[in-house]
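Let me begin by presenting the structure, written as C-alpha cells, before commenting on it.
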Number of protein chains: 2
Amino acid sequence: MPLSLEQLLTLQAAADTGSFSAAARRLGKAQSVVSTAIANLETDLDITLFERGGRYPRLTPAGEQILRQARQILGQCEALTAYAGELATGVEPKLTLAIDDDSQLPWLGGILEAFALQFPQVELELLFPLMEDLVEMLLSGRAQLGIGYEPQLPREELCCHSLGRVGLPLVVAPHHPLAGMRQVTRETLQGQRQILATGHGTGPERSRFRISTQVWWVEGDQAMLEIVKKGLGWASVPEVLLAAPLKNREVVRLHAAKALGQPSLQLGLWWHRAHPLGRAGLWLREALTHADIRKAHP
Amino acid sequence: MPLSLEQLLTLQAAADTGSFSAAARRLGKAQSVVSTAIANLETDLDITLFERGGRYPRLTPAGEQILRQARQILGQCEALTAYAGELATGVEPKLTLAIDDDSQLPWLGGILEAFALQFPQVELELLFPLMEDLVEMLLSGRAQLGIGYEPQLPREELCCHSLGRVGLPLVVAPHHPLAGMRQVTRETLQGQRQILATGHGTGPERSRFRISTQVWWVEGDQAMLEIVKKGLGWASVPEVLLAAPLKNREVVRLHAAKALGQPSLQLGLWWHRAHPLGRAGLWLREALTHADIRKAHP
DNA sequence: ACAATCCATCTATTCAACAGATGGATCAGA
DNA sequence: TCTGATCCATCTGTTGAATAGATGGATTGT
C-alpha cells in the first residue's frame, strides 16, 4: 500500500487552503512536512498533483480527480471512527427482532424507517418464527427483541410489555351465504367452513377460536384472507390487514352476537431479562412500546 | 485521524488468515507487529475487535462490522492508486466532446456506454455548441474532440476524419397538401412554407437548402420535427430522427424530383493537430471513426 | 506428555518523520 | 524599481515511533 492517510489528509488540507504553508499551519506541522508529503505522494502515484509555477500551487486536473477520491476515502475513515465510537458507547452491531406474526409489519414500517435513520450502521435482522421458536430465540440470545401474543408460555427469564389488543373481526366474501345476515350466532358459524391460521400461533391461542365443524388450515394471515376473498369460508383476520379489502368490498365484516364475543389477541413486546440491550435495542424497545399498533406509521 | 491504512490492512490480513502469526507471515512482518497493531487499533477505537479466548483469535460482531468498513476503505485506496496509474500512463482525467448537432446522439449512445465501461473514472463532457463555436473550442483546447459538418471553415490546425454522409429526407405531416403528391419539384416546394434549422449549423451549409420563399427558423432538429408534425410546413430532417415518427405515421417522406437532389451533409470527426489526445481520447476517436452513423449502437 | 503453534510482552535498534534554517521566487505596495 | 512579506524546495541534525527478535504462558492435537 504505497499510500497513507496522512498523505491524503495533507493533500486535502493543501487543496483547501490553497497553499502548503497554510496547510502546514492548519495541520500543526512544519511547512517542510507538507511540502515533502505532497512531493512523496506525487512520486508514489507518478503524477503531478500541483502546478508550482507561481506563488501558490494550483491543483492540476489529475490532482482534482485524485483529491475527489481522497476526500471520499477520508470521509469513510471518519465514518468508521464515528461508528466505532458508537459501538464503544454501547450501540450493538447487530439487532435481531423476532415477530410472531407478519401481519404486524404495516405499523412497524414507520418505526423501522426511523430506526434506520437513527442507527444507519446497525444491522437489523427481522425474523418471523413460530411463537415457540420465538421464545427459544429470546432465551438463546438468537434474538434480542420479540413481538408475539402475550399470555403464552410465561417464562421466568422473559419480560413482556403489552402492546395492546389486536382485534380479529369475522369476515367473509360479499357473495358468501353469511354475508347478508344481520347477526351471526355460534350455531350459524358452525354450519359454515372456517378458515384458521396455522404456522403462526398454532398454539392454544388461535385454536381456541375454532368454532366450525369444518375447518381449513392456512399458513399465514395474508393467505387466509385470500381464501376468504374467494368465498371459501369465514375467518377471524387481524384488523390491520382489513382496511384495503374492506374498502374494495372484497370482504365484509360479520356482526357477531353478544354471546360470541369479539375474538382478539393480546400483543406483547418480549425481551430477555438477563441480556441487556445496547443503545439501539433500547431505542427500538422504547419506540415499539409507545407505538400505536392500530395505526400504520408513515 | 487516529487511524492508519497499515492498521486496516493488518486487520484485514488477520481476519482473512484467522491468525495473527499467519497475518504477519502474509504481510512479511514480525508477529509482534501484527499483535501490537491490532491492539493499538483496538485502543484507538475503544473496541474489542478479536476474542482472544482460545488458540485462534475470533472476530467479535463489532469487529466484523469494522472489518466491513475497513475493506471498503482499502478497496477505495486500491481504486485510487489504480486510477493514478492510469493517469500516469496517459489517460486524461477529463475529456470534452463537442457535437454540432444533438440529433447525432442515438448512434453515439452505444459508443459512450462502452467508453464508460472502459474508462469509468474519466470525466466526459458533452457539449452542443454551434459549428463556429465548435471550431473555437477545438482551437482553444476547451474541447478535445468534435463532431460537426465537414467542409466548413477548413483550418490549418484542425484534422478531420469523415464519418459519412447524413441524409436529410424531405418530410411533411400526413395531412399536409404536399403529402399526397407522387413527386415534388422545386417549384411545388417553393410554394409551401419551409422549416429550417437555426442555431445549429446556421452557416452556409444549411442555408443552401433554403428553397421556399416563405421560411420559418427553428432552433434544433427535434423542435423542427415537431413543427413539421403539426403540418406547418415541410423540412429536411436528419434521417436518424425519422425512424419513430415515420413508423407512427406522424410524418411522411416526400419523393423529390431527380433535379432537386437528395439533401445531405457530410459529418466529420475533428481534433486539434497540436493537442495530443490521451489514451481515453485516442480510444474514443478510434471508436467513433469505425462507427456506422446510420445505426443506433445498442 | 510432547511437539507445534498460538498470542502477549519486553527490549534494543534502526530508520523514517520531523522541525528548523536557508535560499530562490513571487507578489503587492510604496 | 525597490522592499517587505510570503511562498515553496531543499538540506541537516535530532528525535521518536515502528520494528524484529527473544521469551513465556496457553492451547491444541498426537
Side-chain angles (χ1 to χ4, degrees), chain A residues 1-64 66-67 70 74 77 81, chain B residues 1-64 66-67 70 74 77 81:
Chain A
M1 186 65 54
L3 205 61
S4 91
L5 291 181
E6 287 289 326
Q7 287 175 312
L8 299 186
L9 211 56
T10 310
L11 167 63
Q12 190 183 34
D16 286 347
T17 60
S19 120
F20 292 178
S21 301
R25 285 191 290 273
R26 180 155 119 180
L27 296 173
K29 305 192 175 183
Q31 171 257 319
S32 64
V33 175
V34 174
S35 199
T36 54
I38 298 290
N40 285 337
L41 185 58
E42 285 180 318
T43 53
D44 283 350
L45 299 179
D46 199 17
I47 285 181
T48 303
L49 296 172
F50 286 91
E51 202 66 60
R52 270 108 162 159
R55 181 173 172 77
Y56 291 93
R58 291 187 320 277
L59 264 182
T60 61
E64 281 182 44
I66 294 293
L67 172 62
L74 291 171
C77 287
T81 52
Chain B
M1 184 67 52
L3 205 62
S4 91
L5 291 181
E6 287 289 327
Q7 288 175 311
L8 299 186
L9 212 56
T10 312
L11 167 64
Q12 190 182 33
D16 285 349
T17 59
S19 119
F20 291 177
S21 301
R25 285 192 290 275
R26 184 206 264 198
L27 297 173
K29 306 194 174 182
Q31 172 257 320
S32 64
V33 175
V34 173
S35 200
T36 54
I38 298 289
N40 285 337
L41 185 57
E42 284 180 318
T43 53
D44 282 350
L45 299 180
D46 198 18
I47 285 181
T48 304
L49 296 172
F50 286 92
E51 203 64 60
R52 266 99 161 173
R55 183 172 171 78
Y56 292 92
R58 293 187 318 278
L59 263 183
T60 61
E64 280 183 44
I66 295 293
L67 172 63
L74 291 171
C77 287
T81 52

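Numbered from 1 within each chain, the chains take letters A, B, ... in sequence-line order. Below, each value reflects all heavy atoms present in this structure, side chains not excepted, and no hydrogens, waters or symmetry copies.
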DNA chain C: first to last nucleotide in contact with chain B (atom under 4.0 angstrom from a heavy atom), 5' to 3', is dA4(C) to dT9(C)

Pick out the pairs of N or O atoms, protein on one side and nucleotides 25-27 of chain D on the other, that lie under 3.5 Å.
unit_1, atom_1, unit_2, atom_2, d
dT27(D), O2, Arg55(B), NH1, 2.7

Value for CD1 (Ile66(A)) from CD1 (Ile47(A)), rounded to nearest 0.5 Å, stands at 4.5 Å

Sorted by chain and number, sequence neighbours left out, salt bridge (charged side-chain N to carboxylate O under 4.0 Å, His left out) with Asp46(B) holds for none

On a heavy-atom basis, the closest approach of Leu41(A) and Leu3(A) is CD1-CD1, 3.7 Å

Could you pull out every donor-acceptor pair under 3.5 Å between side chains of residues 53-63 of chain A and any protein atom, sequence neighbours left out?
unit_1, atom_1, unit_2, atom_2, d
Thr60(A), OG1, Thr48(A), O, 2.8
Thr60(A), OG1, Leu49(A), O, 3.2
Thr60(A), OG1, Gly63(A), N, 2.9

Ordered by number, residues from residues 13-32 of chain A within less than 4.0 Å of DNA chain D (heavy atoms) are Ser19(A), Phe20(A), Ser21(A), Arg25(A), Gln31(A), Ser32(A)

Residue set satisfying side-chain contact (heavy atoms from CB on, under 4.5 Å) with Ala37(A), at least two apart, ordered chain then number -> Thr10(A)

For Arg52(B), the salt bridge (charged side-chain N to carboxylate O under 4.0 Å, His left out) test, sequence neighbours excluded, returns Glu42(B)

Atom pairs and distances, side-chain donor-acceptor, residues 19-34 of chain B, under 3.5 Å, sequence neighbours left out:
unit_1, atom_1, unit_2, atom_2, d
Ser19(B), OG, Ser21(B), N, 3.2
Ser19(B), OG, Ala22(B), N, 2.9
Lys29(B), NZ, Glu6(B), OE1, 2.8

Double-helix bend of the helix from dA1(C)-dT30(D) to dA30(C)-dT1(D), axes at both ends from 5 pairs, round to 10°, gives 40°

Between Leu11(A) and Ala70(A), the two heavy atoms sitting closest are CD2-CB, 4.1 Å

